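Since the structure is predicted, the reported quantities are computational estimates derived from the model, not experimental observations. Just so you know, ligand 1 is whichever comes first in the structure, and atom 1 is the first atom listed for that ligand.
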Amino acid sequence: MVGSGPNGLTAAIVLAKAGLRTTVFEAQPTIGGGARSAELTLPGFVHDVCSAVHPLAVSSPAFARLPLAEHGLEWIQPPLPLAHPLDGGSAAVMAMPLEETCARLGPDGAAYRRAISPLVRHWRDLVPMIQGPLLRVPAHPWLLARFGALSFWPAAPLAQRVFRTDAARALFAGIAAHSVMSLDALGSAAFGWLLAAAGHAVGWPIPRGGSQAIANALASYFKSLGGRIVAGHSIESLGELADASLVLCDVTPRQFLAIAGNRLPDRFNRQLESYRYGPGVFKVDWALSAPIPWQAAECSRAGTVHVGGSLDEIAASEGSLSGATPSGHPFVLVVQPSLFDSSRAPAGRHTAWAYCHVPHASTVDMTDRIESQIERFAPGFRACILARHSMSPADLERHNANLVGGDITGGAQDLRQLVLRPTRLLYRTPLNGVYLCSSSTPPGGAVHGMCGFHASHAALRARNLH
Ligand SMILES: Cc1cc2nc3c(=O)[nH]c(=O)nc-3n(C[C@H](O)[C@H](O)[C@H](O)COP(=O)(O)OP(=O)(O)OC[C@H]3O[C@@H](n4cnc5c(N)ncnc54)[C@H](O)[C@@H]3O)c2cc1C
(Lines give C-alpha, C1' and ligand atoms only; values in the text may rest on other atoms or scores of the structure.)
Protein backbone atom coordinates (compact mmCIF):
# COMPACT_ATOMS: atom_id res chain seq x y z
CA MET A 1 0.00 0.00 0.00
CA VAL A 2 1.38 3.39 -1.02
CA GLY A 3 -0.01 6.07 1.32
CA SER A 4 -1.76 5.94 4.69
CA GLY A 5 -4.75 8.22 4.14
CA PRO A 6 -8.19 6.95 5.20
CA ASN A 7 -8.56 5.19 1.85
CA GLY A 8 -5.11 3.59 2.03
CA LEU A 9 -5.67 2.33 5.57
CA THR A 10 -9.15 1.01 4.75
CA ALA A 11 -7.82 -0.86 1.71
CA ALA A 12 -4.94 -2.23 3.78
CA ILE A 13 -7.42 -3.56 6.35
CA VAL A 14 -9.47 -5.33 3.66
CA LEU A 15 -6.32 -7.00 2.27
CA ALA A 16 -5.05 -7.97 5.72
CA LYS A 17 -8.46 -9.42 6.63
CA ALA A 18 -8.28 -11.50 3.43
CA GLY A 19 -5.09 -13.01 4.80
CA LEU A 20 -2.53 -11.08 2.72
CA ARG A 21 0.70 -9.95 4.35
CA THR A 22 0.26 -6.18 3.97
CA THR A 23 2.65 -3.25 4.41
CA VAL A 24 1.67 0.44 4.22
CA PHE A 25 4.37 2.91 3.13
CA GLU A 26 3.70 6.53 4.14
CA ALA A 27 5.83 9.38 2.79
CA GLN A 28 5.27 11.67 5.77
CA PRO A 29 6.61 11.07 9.28
CA THR A 30 3.04 10.73 10.63
CA ILE A 31 0.20 8.57 9.29
CA GLY A 32 -3.33 9.53 8.28
CA GLY A 33 -3.02 11.75 5.19
CA GLY A 34 -6.00 14.11 5.32
CA ALA A 35 -6.99 12.81 8.79
CA ARG A 36 -4.15 14.14 10.94
CA SER A 37 -4.02 16.47 13.93
CA ALA A 38 -1.10 18.45 15.30
CA GLU A 39 -0.14 21.30 17.64
CA LEU A 40 0.07 23.84 14.83
CA THR A 41 -0.07 26.97 16.98
CA LEU A 42 0.87 26.65 20.67
CA PRO A 43 1.63 23.72 23.00
CA GLY A 44 -1.57 22.02 24.18
CA PHE A 45 -3.70 23.28 21.25
CA VAL A 46 -4.58 20.33 18.96
CA HIS A 47 -5.62 21.32 15.43
CA ASP A 48 -7.00 19.20 12.60
CA VAL A 49 -4.57 19.87 9.78
CA CYS A 50 -7.09 18.77 7.12
CA SER A 51 -10.45 17.11 7.80
CA ALA A 52 -12.46 18.14 10.87
CA VAL A 53 -16.15 17.19 10.47
CA HIS A 54 -17.25 13.73 9.38
CA PRO A 55 -20.84 13.07 8.24
CA LEU A 56 -19.58 10.71 5.54
CA ALA A 57 -17.28 8.79 7.89
CA VAL A 58 -20.16 7.95 10.25
CA SER A 59 -22.24 6.98 7.21
CA SER A 60 -19.52 4.87 5.62
CA PRO A 61 -20.47 1.23 4.99
CA ALA A 62 -16.72 0.41 5.05
CA PHE A 63 -16.10 1.97 8.48
CA ALA A 64 -19.34 0.45 9.83
CA ARG A 65 -17.78 -3.02 9.41
CA LEU A 66 -14.70 -2.14 11.45
CA PRO A 67 -14.36 -2.15 15.27
CA LEU A 68 -13.07 1.43 15.30
CA ALA A 69 -14.65 2.30 18.67
CA GLU A 70 -12.69 -0.57 20.24
CA HIS A 71 -9.58 1.04 18.76
CA GLY A 72 -10.24 4.42 20.35
CA LEU A 73 -12.56 6.28 17.96
CA GLU A 74 -15.32 8.23 19.71
CA TRP A 75 -17.74 10.55 17.94
CA ILE A 76 -19.03 13.80 19.44
CA GLN A 77 -22.26 15.37 18.15
CA PRO A 78 -22.28 19.14 18.75
CA PRO A 79 -25.77 20.37 19.81
CA LEU A 80 -26.25 21.79 16.29
CA PRO A 81 -24.47 20.43 13.19
CA LEU A 82 -24.51 23.79 11.40
CA ALA A 83 -25.28 27.48 11.88
CA HIS A 84 -25.11 30.17 9.22
CA PRO A 85 -24.92 33.74 10.55
CA LEU A 86 -26.66 36.50 8.62
CA ASP A 87 -26.18 40.26 8.70
CA GLY A 88 -28.27 41.84 11.46
CA GLY A 89 -27.39 39.27 14.12
CA SER A 90 -29.66 36.34 13.21
CA ALA A 91 -28.64 32.89 11.95
CA ALA A 92 -30.08 30.11 9.81
CA VAL A 93 -29.71 26.74 11.46
CA MET A 94 -29.56 23.08 10.52
CA ALA A 95 -30.55 21.11 13.63
CA MET A 96 -30.22 17.35 13.59
CA PRO A 97 -34.00 16.76 13.98
CA LEU A 98 -35.54 17.49 10.59
CA GLU A 99 -38.73 18.90 12.12
CA GLU A 100 -36.79 21.41 14.24
CA THR A 101 -34.98 22.64 11.13
CA CYS A 102 -38.25 22.91 9.19
CA ALA A 103 -39.82 24.90 12.04
CA ARG A 104 -36.84 27.27 12.11
CA LEU A 105 -37.02 27.73 8.32
CA GLY A 106 -40.56 29.14 8.71
CA PRO A 107 -42.19 29.67 5.30
CA ASP A 108 -39.55 27.43 3.66
CA GLY A 109 -39.93 24.56 6.11
CA ALA A 110 -42.48 22.68 4.00
CA ALA A 111 -40.42 22.90 0.79
CA TYR A 112 -37.31 21.75 2.65
CA ARG A 113 -39.18 18.82 4.22
CA ARG A 114 -40.74 17.81 0.87
CA ALA A 115 -37.34 17.70 -0.85
CA ILE A 116 -35.21 16.11 1.79
CA SER A 117 -37.31 13.84 3.98
CA PRO A 118 -37.18 10.75 1.64
CA LEU A 119 -33.38 11.06 1.55
CA VAL A 120 -33.20 11.28 5.34
CA ARG A 121 -35.61 8.37 5.91
CA HIS A 122 -33.76 6.13 3.47
CA TRP A 123 -30.22 7.39 4.22
CA ARG A 124 -28.79 3.91 4.87
CA ASP A 125 -30.12 2.71 1.48
CA LEU A 126 -28.94 5.83 -0.33
CA VAL A 127 -25.36 5.84 0.94
CA PRO A 128 -24.11 2.56 -0.62
CA MET A 129 -25.49 3.67 -4.00
CA ILE A 130 -23.64 6.98 -4.03
CA GLN A 131 -20.51 5.98 -2.10
CA GLY A 132 -19.18 3.85 -4.94
CA PRO A 133 -18.97 3.69 -8.73
CA LEU A 134 -22.06 5.42 -10.15
CA LEU A 135 -22.29 3.19 -13.24
CA ARG A 136 -23.87 0.21 -11.47
CA VAL A 137 -27.37 -1.17 -11.28
CA PRO A 138 -28.80 0.64 -8.23
CA ALA A 139 -30.33 -1.42 -5.40
CA HIS A 140 -33.12 1.18 -4.97
CA PRO A 141 -33.67 2.82 -8.40
CA TRP A 142 -36.55 5.08 -7.22
CA LEU A 143 -34.41 6.51 -4.41
CA LEU A 144 -31.43 7.14 -6.67
CA ALA A 145 -33.75 8.70 -9.26
CA ARG A 146 -35.18 11.00 -6.59
CA PHE A 147 -31.69 12.02 -5.44
CA GLY A 148 -30.60 12.49 -9.07
CA ALA A 149 -33.60 14.67 -9.88
CA LEU A 150 -32.76 17.02 -6.99
CA SER A 151 -29.02 16.90 -7.57
CA PHE A 152 -28.63 17.50 -11.27
CA TRP A 153 -29.34 21.23 -10.96
CA PRO A 154 -26.99 24.14 -10.29
CA ALA A 155 -27.33 25.00 -6.59
CA ALA A 156 -27.88 28.78 -6.81
CA PRO A 157 -30.83 28.90 -9.25
CA LEU A 158 -32.31 25.82 -7.59
CA ALA A 159 -32.23 27.47 -4.15
CA GLN A 160 -33.84 30.59 -5.62
CA ARG A 161 -36.66 28.51 -7.11
CA VAL A 162 -37.29 26.18 -4.17
CA PHE A 163 -36.93 28.64 -1.26
CA ARG A 164 -38.50 32.05 -0.64
CA THR A 165 -36.49 33.35 2.33
CA ASP A 166 -32.93 34.67 2.25
CA ALA A 167 -32.11 32.51 5.28
CA ALA A 168 -33.04 29.18 3.62
CA ARG A 169 -31.33 30.19 0.37
CA ALA A 170 -28.13 31.12 2.19
CA LEU A 171 -28.20 27.94 4.29
CA PHE A 172 -28.54 25.73 1.21
CA ALA A 173 -25.90 27.68 -0.75
CA GLY A 174 -23.38 27.24 2.07
CA ILE A 175 -23.92 23.49 2.22
CA ALA A 176 -23.79 23.14 -1.58
CA ALA A 177 -20.51 25.09 -1.63
CA HIS A 178 -18.82 21.97 -0.16
CA SER A 179 -18.89 20.78 -3.78
CA VAL A 180 -15.99 23.20 -4.46
CA MET A 181 -17.85 24.04 -7.67
CA SER A 182 -19.44 27.19 -9.02
CA LEU A 183 -22.99 27.25 -7.65
CA ASP A 184 -24.09 27.82 -11.25
CA ALA A 185 -22.55 24.52 -12.36
CA LEU A 186 -24.76 21.52 -13.11
CA GLY A 187 -24.58 19.01 -10.28
CA SER A 188 -23.51 21.49 -7.60
CA ALA A 189 -26.86 21.02 -5.83
CA ALA A 190 -25.98 17.35 -5.17
CA PHE A 191 -23.62 18.21 -2.33
CA GLY A 192 -26.24 20.49 -0.76
CA TRP A 193 -28.86 17.74 -0.57
CA LEU A 194 -26.35 15.03 0.33
CA LEU A 195 -24.72 16.84 3.24
CA ALA A 196 -28.02 18.27 4.51
CA ALA A 197 -29.60 14.79 4.48
CA ALA A 198 -26.52 13.47 6.32
CA GLY A 199 -26.92 16.23 8.91
CA HIS A 200 -30.42 14.96 9.75
CA ALA A 201 -29.68 11.25 9.41
CA VAL A 202 -26.33 10.96 11.23
CA GLY A 203 -25.27 14.51 12.20
CA TRP A 204 -22.01 16.26 11.40
CA PRO A 205 -19.86 14.81 14.20
CA ILE A 206 -16.26 15.44 15.22
CA PRO A 207 -13.90 12.76 16.59
CA ARG A 208 -12.74 13.15 20.19
CA GLY A 209 -9.09 14.22 20.10
CA GLY A 210 -9.17 15.28 16.44
CA SER A 211 -9.34 13.60 13.05
CA GLN A 212 -6.04 11.86 13.83
CA ALA A 213 -8.19 9.58 16.01
CA ILE A 214 -9.79 8.17 12.84
CA ALA A 215 -6.41 7.35 11.28
CA ASN A 216 -5.10 5.98 14.57
CA ALA A 217 -8.10 3.69 15.02
CA LEU A 218 -7.76 2.39 11.44
CA ALA A 219 -4.01 1.88 11.92
CA SER A 220 -4.46 0.19 15.29
CA TYR A 221 -7.00 -2.28 13.88
CA PHE A 222 -4.78 -2.89 10.83
CA LYS A 223 -1.82 -3.70 13.08
CA SER A 224 -3.99 -6.03 15.18
CA LEU A 225 -4.54 -8.01 11.96
CA GLY A 226 -0.76 -8.33 11.53
CA GLY A 227 -0.32 -5.35 9.17
CA ARG A 228 2.88 -3.30 9.09
CA ILE A 229 3.23 0.48 8.64
CA VAL A 230 6.44 2.17 7.52
CA ALA A 231 6.20 5.97 7.96
CA GLY A 232 8.66 8.47 6.50
CA HIS A 233 9.19 6.34 3.39
CA SER A 234 8.08 7.88 0.09
CA ILE A 235 7.63 5.38 -2.74
CA GLU A 236 9.30 6.96 -5.77
CA SER A 237 8.97 4.04 -8.20
CA LEU A 238 6.87 0.89 -8.60
CA GLY A 239 10.23 -0.87 -9.00
CA GLU A 240 10.64 -0.59 -5.20
CA LEU A 241 7.57 -2.83 -4.81
CA ALA A 242 8.48 -5.46 -7.40
CA ASP A 243 8.11 -8.27 -4.83
CA ALA A 244 4.50 -7.38 -3.98
CA SER A 245 1.72 -9.43 -5.56
CA LEU A 246 -0.65 -6.46 -5.27
CA VAL A 247 0.14 -2.73 -5.14
CA LEU A 248 -2.60 -0.28 -4.17
CA CYS A 249 -1.80 3.41 -4.51
CA ASP A 250 -3.51 5.99 -2.30
CA VAL A 251 -2.17 8.73 -4.58
CA THR A 252 -3.65 10.97 -7.27
CA PRO A 253 -3.00 10.51 -11.01
CA ARG A 254 -0.14 13.02 -11.09
CA GLN A 255 1.91 11.11 -8.49
CA PHE A 256 0.94 7.78 -9.99
CA LEU A 257 2.36 8.89 -13.35
CA ALA A 258 5.66 9.69 -11.62
CA ILE A 259 5.76 6.43 -9.64
CA ALA A 260 4.83 4.30 -12.67
CA GLY A 261 7.51 5.95 -14.85
CA ASN A 262 7.51 4.50 -18.36
CA ARG A 263 5.56 1.34 -17.45
CA LEU A 264 2.16 2.68 -18.54
CA PRO A 265 0.76 2.38 -22.09
CA ASP A 266 0.67 5.75 -23.92
CA ARG A 267 -3.13 5.87 -24.01
CA PHE A 268 -3.52 5.46 -20.24
CA ASN A 269 -0.69 7.94 -19.69
CA ARG A 270 -2.57 10.51 -21.76
CA GLN A 271 -5.83 9.82 -19.92
CA LEU A 272 -4.17 10.40 -16.55
CA GLU A 273 -2.39 13.50 -17.84
CA SER A 274 -5.73 14.98 -18.88
CA TYR A 275 -7.27 14.36 -15.43
CA ARG A 276 -8.30 17.75 -14.07
CA TYR A 277 -7.59 19.07 -10.58
CA GLY A 278 -10.00 21.48 -8.93
CA PRO A 279 -9.69 24.75 -7.03
CA GLY A 280 -7.50 24.91 -3.92
CA VAL A 281 -8.11 25.91 -0.34
CA PHE A 282 -6.43 28.39 1.98
CA LYS A 283 -6.58 27.29 5.61
CA VAL A 284 -6.14 29.06 8.96
CA ASP A 285 -6.07 27.58 12.49
CA TRP A 286 -6.21 29.67 15.64
CA ALA A 287 -5.41 29.27 19.30
CA LEU A 288 -7.97 31.46 21.07
CA SER A 289 -8.23 32.94 24.57
CA ALA A 290 -12.03 32.52 24.50
CA PRO A 291 -14.78 31.04 22.28
CA ILE A 292 -15.53 32.97 19.08
CA PRO A 293 -17.92 35.77 20.19
CA TRP A 294 -20.65 35.16 17.63
CA GLN A 295 -23.45 37.74 17.55
CA ALA A 296 -26.05 35.03 16.88
CA ALA A 297 -26.22 32.71 19.92
CA GLU A 298 -26.99 29.63 17.75
CA CYS A 299 -23.49 29.82 16.24
CA SER A 300 -21.93 29.03 19.62
CA ARG A 301 -23.89 25.75 19.76
CA ALA A 302 -22.84 24.61 16.26
CA GLY A 303 -19.85 22.44 15.36
CA THR A 304 -19.66 24.02 11.92
CA VAL A 305 -20.41 27.65 11.05
CA HIS A 306 -20.72 28.79 7.44
CA VAL A 307 -19.51 32.37 7.15
CA GLY A 308 -20.30 34.17 3.94
CA GLY A 309 -23.65 35.91 4.24
CA SER A 310 -26.26 35.65 1.53
CA LEU A 311 -26.67 33.21 -1.34
CA ASP A 312 -25.54 35.91 -3.80
CA GLU A 313 -22.34 36.54 -1.84
CA ILE A 314 -21.53 32.84 -1.54
CA ALA A 315 -22.27 32.28 -5.22
CA ALA A 316 -19.96 35.18 -6.13
CA SER A 317 -17.17 33.81 -3.95
CA GLU A 318 -17.43 30.30 -5.38
CA GLY A 319 -17.85 31.72 -8.90
CA SER A 320 -14.42 33.32 -8.62
CA LEU A 321 -12.67 29.94 -8.31
CA SER A 322 -12.19 29.41 -12.03
CA GLY A 323 -10.48 32.81 -12.39
CA ALA A 324 -7.05 33.93 -11.26
CA THR A 325 -8.07 36.10 -8.30
CA PRO A 326 -9.69 34.82 -5.12
CA SER A 327 -12.74 36.57 -3.73
CA GLY A 328 -12.26 39.67 -1.57
CA HIS A 329 -15.13 38.36 0.59
CA PRO A 330 -14.61 34.60 0.63
CA PHE A 331 -17.10 32.01 1.78
CA VAL A 332 -15.43 30.60 4.93
CA LEU A 333 -16.10 27.22 6.58
CA VAL A 334 -15.41 27.46 10.32
CA VAL A 335 -15.23 24.57 12.80
CA GLN A 336 -14.94 25.12 16.57
CA PRO A 337 -14.07 21.70 18.04
CA SER A 338 -12.87 22.78 21.49
CA LEU A 339 -16.38 23.97 22.41
CA PHE A 340 -17.45 20.31 22.44
CA ASP A 341 -14.18 18.44 23.01
CA SER A 342 -12.08 19.64 25.94
CA SER A 343 -9.08 17.59 24.78
CA ARG A 344 -8.37 20.10 22.00
CA ALA A 345 -7.11 23.03 24.11
CA PRO A 346 -5.90 23.91 27.61
CA ALA A 347 -8.69 24.66 30.12
CA GLY A 348 -10.54 27.86 29.28
CA ARG A 349 -8.78 28.20 25.91
CA HIS A 350 -10.10 27.29 22.46
CA THR A 351 -9.19 26.30 18.93
CA ALA A 352 -10.84 27.25 15.66
CA TRP A 353 -10.32 25.82 12.16
CA ALA A 354 -11.28 27.54 8.93
CA TYR A 355 -10.69 27.49 5.23
CA CYS A 356 -11.94 29.15 2.09
CA HIS A 357 -11.82 27.97 -1.50
CA VAL A 358 -9.36 29.74 -3.79
CA PRO A 359 -8.31 29.28 -7.44
CA HIS A 360 -6.05 26.27 -8.06
CA ALA A 361 -2.55 26.88 -6.66
CA SER A 362 -3.41 30.49 -5.71
CA THR A 363 -0.56 32.29 -3.92
CA VAL A 364 -2.69 35.03 -2.34
CA ASP A 365 -2.54 35.16 1.49
CA MET A 366 -6.21 34.94 2.56
CA THR A 367 -5.60 35.15 6.33
CA ASP A 368 -6.82 38.72 6.69
CA ARG A 369 -9.87 38.20 4.44
CA ILE A 370 -10.87 35.08 6.38
CA GLU A 371 -10.52 36.88 9.72
CA SER A 372 -12.49 39.88 8.43
CA GLN A 373 -15.39 37.64 7.41
CA ILE A 374 -15.49 36.05 10.89
CA GLU A 375 -15.14 39.44 12.60
CA ARG A 376 -18.17 40.62 10.56
CA PHE A 377 -20.42 38.11 12.37
CA ALA A 378 -18.39 37.89 15.60
CA PRO A 379 -17.16 41.36 16.56
CA GLY A 380 -14.18 41.02 18.91
CA PHE A 381 -12.94 37.77 17.30
CA ARG A 382 -9.51 39.18 16.48
CA ALA A 383 -9.01 40.21 20.11
CA CYS A 384 -9.31 36.53 21.14
CA ILE A 385 -6.44 35.33 18.92
CA LEU A 386 -3.42 34.04 20.84
CA ALA A 387 -1.70 32.54 17.79
CA ARG A 388 -2.53 31.63 14.21
CA HIS A 389 -1.20 29.19 11.61
CA SER A 390 -1.98 29.69 7.90
CA MET A 391 -1.56 27.20 5.07
CA SER A 392 -1.60 28.19 1.39
CA PRO A 393 -2.31 25.62 -1.35
CA ALA A 394 1.46 25.13 -1.71
CA ASP A 395 1.85 24.56 2.06
CA LEU A 396 -0.95 21.98 1.95
CA GLU A 397 0.71 20.17 -0.95
CA ARG A 398 4.00 20.07 1.00
CA HIS A 399 2.11 18.55 3.92
CA ASN A 400 0.49 15.90 1.66
CA ALA A 401 1.45 15.38 -1.99
CA ASN A 402 -2.16 14.37 -2.78
CA LEU A 403 -3.31 17.99 -2.27
CA VAL A 404 -2.27 19.06 -5.77
CA GLY A 405 -2.52 22.87 -6.04
CA GLY A 406 -4.45 22.82 -2.74
CA ASP A 407 -7.23 20.61 -4.22
CA ILE A 408 -8.70 18.76 -1.23
CA THR A 409 -10.92 16.36 -3.20
CA GLY A 410 -8.30 14.49 -5.24
CA GLY A 411 -9.41 16.11 -8.49
CA ALA A 412 -12.32 18.17 -9.79
CA GLN A 413 -15.67 16.64 -8.83
CA ASP A 414 -17.75 17.69 -11.81
CA LEU A 415 -20.29 15.30 -13.33
CA ARG A 416 -17.82 13.73 -15.76
CA GLN A 417 -15.06 13.15 -13.24
CA LEU A 418 -17.49 11.80 -10.67
CA VAL A 419 -18.53 9.03 -13.06
CA LEU A 420 -15.24 8.25 -14.86
CA ARG A 421 -12.81 8.79 -12.00
CA PRO A 422 -9.92 8.97 -12.90
CA THR A 423 -10.49 6.92 -16.10
CA ARG A 424 -13.12 4.43 -17.24
CA LEU A 425 -11.02 1.69 -15.59
CA LEU A 426 -11.80 3.35 -12.19
CA TYR A 427 -9.62 1.53 -9.63
CA ARG A 428 -7.79 -0.64 -12.17
CA THR A 429 -4.71 0.30 -14.15
CA PRO A 430 -3.30 -1.50 -17.21
CA LEU A 431 -0.54 -2.89 -14.95
CA ASN A 432 -1.12 -6.36 -13.56
CA GLY A 433 -1.91 -6.20 -9.83
CA VAL A 434 -1.59 -2.39 -9.58
CA TYR A 435 -4.61 -0.34 -8.45
CA LEU A 436 -5.53 3.22 -7.53
CA CYS A 437 -7.48 3.68 -4.29
CA SER A 438 -7.34 7.40 -3.38
CA SER A 439 -10.10 10.01 -3.52
CA SER A 440 -9.23 10.31 -7.23
CA THR A 441 -11.39 7.17 -7.62
CA PRO A 442 -15.13 6.80 -6.86
CA PRO A 443 -16.82 8.06 -4.78
CA GLY A 444 -14.27 10.93 -4.48
CA GLY A 445 -13.26 13.27 -1.66
CA ALA A 446 -13.95 13.16 2.10
CA VAL A 447 -13.02 10.80 4.88
CA HIS A 448 -15.10 7.64 4.32
CA GLY A 449 -12.60 5.01 3.18
CA MET A 450 -14.97 3.90 0.41
CA CYS A 451 -12.43 4.41 -2.41
CA GLY A 452 -10.04 2.09 -0.59
CA PHE A 453 -12.84 -0.36 0.19
CA HIS A 454 -13.95 -0.70 -3.45
CA ALA A 455 -10.38 -0.75 -4.83
CA SER A 456 -9.24 -3.50 -2.47
CA HIS A 457 -12.29 -5.63 -3.20
CA ALA A 458 -11.68 -5.17 -6.95
CA ALA A 459 -8.09 -6.32 -6.42
CA LEU A 460 -9.16 -9.37 -4.41
CA ARG A 461 -11.86 -10.29 -6.95
CA ALA A 462 -9.32 -10.19 -9.79
CA ARG A 463 -7.14 -12.66 -7.85
CA ASN A 464 -10.11 -14.87 -6.91
CA LEU A 465 -9.30 -14.12 -3.29
CA HIS A 466 -12.73 -12.74 -2.52
C1 LIG B 1 -7.99 21.50 4.56
C2 LIG B 1 -8.82 20.26 4.35
C3 LIG B 1 -10.05 20.13 4.97
C4 LIG B 1 -10.81 18.98 4.81
N5 LIG B 1 -11.99 18.85 5.50
C6 LIG B 1 -12.66 17.67 5.46
C7 LIG B 1 -13.73 17.44 6.36
O8 LIG B 1 -14.03 18.26 7.23
N9 LIG B 1 -14.38 16.25 6.27
C10 LIG B 1 -14.02 15.28 5.36
O11 LIG B 1 -14.65 14.21 5.33
N12 LIG B 1 -12.99 15.49 4.51
C13 LIG B 1 -12.30 16.64 4.54
N14 LIG B 1 -11.19 16.83 3.75
C15 LIG B 1 -10.90 15.85 2.70
C16 LIG B 1 -10.24 14.59 3.20
O17 LIG B 1 -9.15 14.91 4.04
C18 LIG B 1 -9.73 13.76 2.01
O19 LIG B 1 -10.77 13.62 1.05
C20 LIG B 1 -9.29 12.38 2.45
O21 LIG B 1 -8.25 12.47 3.40
C22 LIG B 1 -8.79 11.59 1.24
O23 LIG B 1 -8.26 10.37 1.69
P24 LIG B 1 -7.20 9.57 0.81
O25 LIG B 1 -6.88 8.34 1.58
O26 LIG B 1 -7.72 9.40 -0.57
O27 LIG B 1 -5.92 10.50 0.66
P28 LIG B 1 -5.09 11.32 1.73
O29 LIG B 1 -5.81 11.42 3.00
O30 LIG B 1 -4.69 12.57 1.05
O31 LIG B 1 -3.80 10.41 1.99
C32 LIG B 1 -2.83 10.15 1.02
C33 LIG B 1 -1.57 9.72 1.74
O34 LIG B 1 -0.64 9.21 0.79
C35 LIG B 1 0.66 9.68 1.13
N36 LIG B 1 1.48 9.62 -0.07
C37 LIG B 1 1.33 10.34 -1.20
N38 LIG B 1 2.28 10.02 -2.09
C39 LIG B 1 3.03 9.04 -1.51
C40 LIG B 1 4.18 8.27 -1.93
N41 LIG B 1 4.73 8.45 -3.13
N42 LIG B 1 4.71 7.36 -1.07
C43 LIG B 1 4.16 7.14 0.14
N44 LIG B 1 3.08 7.86 0.60
C45 LIG B 1 2.53 8.78 -0.23
C46 LIG B 1 0.41 11.09 1.62
O47 LIG B 1 1.47 11.58 2.40
C48 LIG B 1 -0.87 10.89 2.44
O49 LIG B 1 -0.58 10.52 3.76
C50 LIG B 1 -10.38 17.95 3.94
C51 LIG B 1 -9.14 18.06 3.31
C52 LIG B 1 -8.34 19.20 3.53
C53 LIG B 1 -6.99 19.28 2.91
Discussion item. Could you check whether any side-chain heavy atom of Ile314 comes within less than 4.5 Å of a side-chain heavy atom of His84, counting everything from C-beta outward?
Written reply: yes
Fill in: Nearest non-hydrogen protein atom, atom 19 (O) of ligand 1
Ala446 N, 2.7 Å
Item to complete: Would you check the N or O atoms of Leu396, main chain and side chain alike, for any that come under 3.5 Å of an N or O of ligand 1?
Response: no
Discussion item. Evaluate His399 for polar contact with ligand 1, using N/O atom pairs at a separation under 3.5 Å.
Written reply: no
Worksheet item: Hey, are Ser59 and Trp123 close enough side-chain-wise for a donor-acceptor pair under 3.5 Å?
Response: yes
Fill in: Under 4.0 Å to a heavy atom of Ile259 - the qualifying atoms of ligand 1, by number
41 (N)
Practice prompt. For Trp204 and Leu195, indicate whether the former's side chain and the latter's backbone hold a donor-acceptor pair under 3.5 Å.
Written response: yes
Discussion item. Strictly distance-based, threshold 3.5 Å: is any side-chain N or O of Arg349 a donor or acceptor partner for the main-chain N or O of Phe45?
Written reply: no
Worksheet item: Is Ile31 touching ligand 1 with its side chain, its backbone, both, or neither, if touching means heavy atoms under 4.0 Å apart?
Response: neither
Worksheet item: Is there a donor-acceptor pair closer than 3.5 Å between any side-chain N or O of Ser274 and the backbone N or O of Gln271?
Response: yes
Discussion item. Is a donor from one side chain sitting under 3.5 angstrom from an acceptor on the other, for His329 and Gln373?
Written reply: no
Worksheet item: Does Asp395 pair with Lys283 as a salt bridge, N-O distance under 4.0 Å?
Response: no
Fill in: Minimum-distance protein heavy atom relative to atom 29 (O) of ligand 1
Gly34 N, 2.7 Å
Discussion item. If we ignore hydrogens and angles and just use 3.5 Å, is the side chain of Gln77 paired with the main-chain N or O of Val202 as donor and acceptor?
Written reply: yes
Worksheet item: Is the closest heavy-atom distance from Gly410 to ligand 1 below 4.0 Å?
Response: no
Discussion item. Can you tell me which portion of Asp250 lies within the under-4.0 Å heavy-atom range of ligand 1? Options are side chain, backbone, both, or neither.
Written reply: both
Practice prompt. Please work out whether any backbone atom (N, CA, C, O) or any side-chain heavy atom from C-beta onward of Thr409 is under 4.0 Å from ligand 1, and answer side chain, backbone, both or neither.
Written response: neither
Worksheet item: Hey, which atoms in ligand 1 end up nearer than 4.0 Å to a heavy atom of Lys283?
Response: 1 (C)
Response to the item:
The atoms of ligand 1 lying under 4.0 Å from a heavy atom of Tyr355, numbered in the order shown, are 3 (C)
Worksheet item: Using heavy atoms and a threshold below 4.0 Å, how should the contact between Trp353 and ligand 1 be classified: side chain, backbone, both, or neither?
Response: side chain
Worksheet item: Nearest protein heavy atom to atom 9 (N) of ligand 1, by residue and atom, and its distance?
Response: Val53 O, 2.8 Å
Discussion item. With a heavy-atom distance limit of 4.0 Å, tell me whether His233 approaches ligand 1 through its side chain, its backbone, both, or neither.
Written reply: backbone
Discussion item. Ala52 versus ligand 1: do any nitrogen or oxygen atoms come within less than 3.5 Å of each other?
Written reply: yes
Practice prompt. Measure from the side-chain N and O atoms of His200 to the backbone N and O of Ala95, and report whether any donor-acceptor pair falls under 3.5 Å.
Written response: yes
Discussion item. Taking Gly33's backbone N and O only, do any of them form a donor-acceptor pair with Arg36's side chain (distance below 3.5 Å, no angle check)?
Written reply: yes
Item to complete: Quick one: look up the protein heavy atom nearest atom 39 (C) of ligand 1 and list residue, atom name and how far away it is.
Response: Val251 CG1, 4.0 Å
Worksheet item: Is any N or O atom of Val281, backbone or side chain, closer than 3.5 Å to an N or O atom of ligand 1?
Response: no
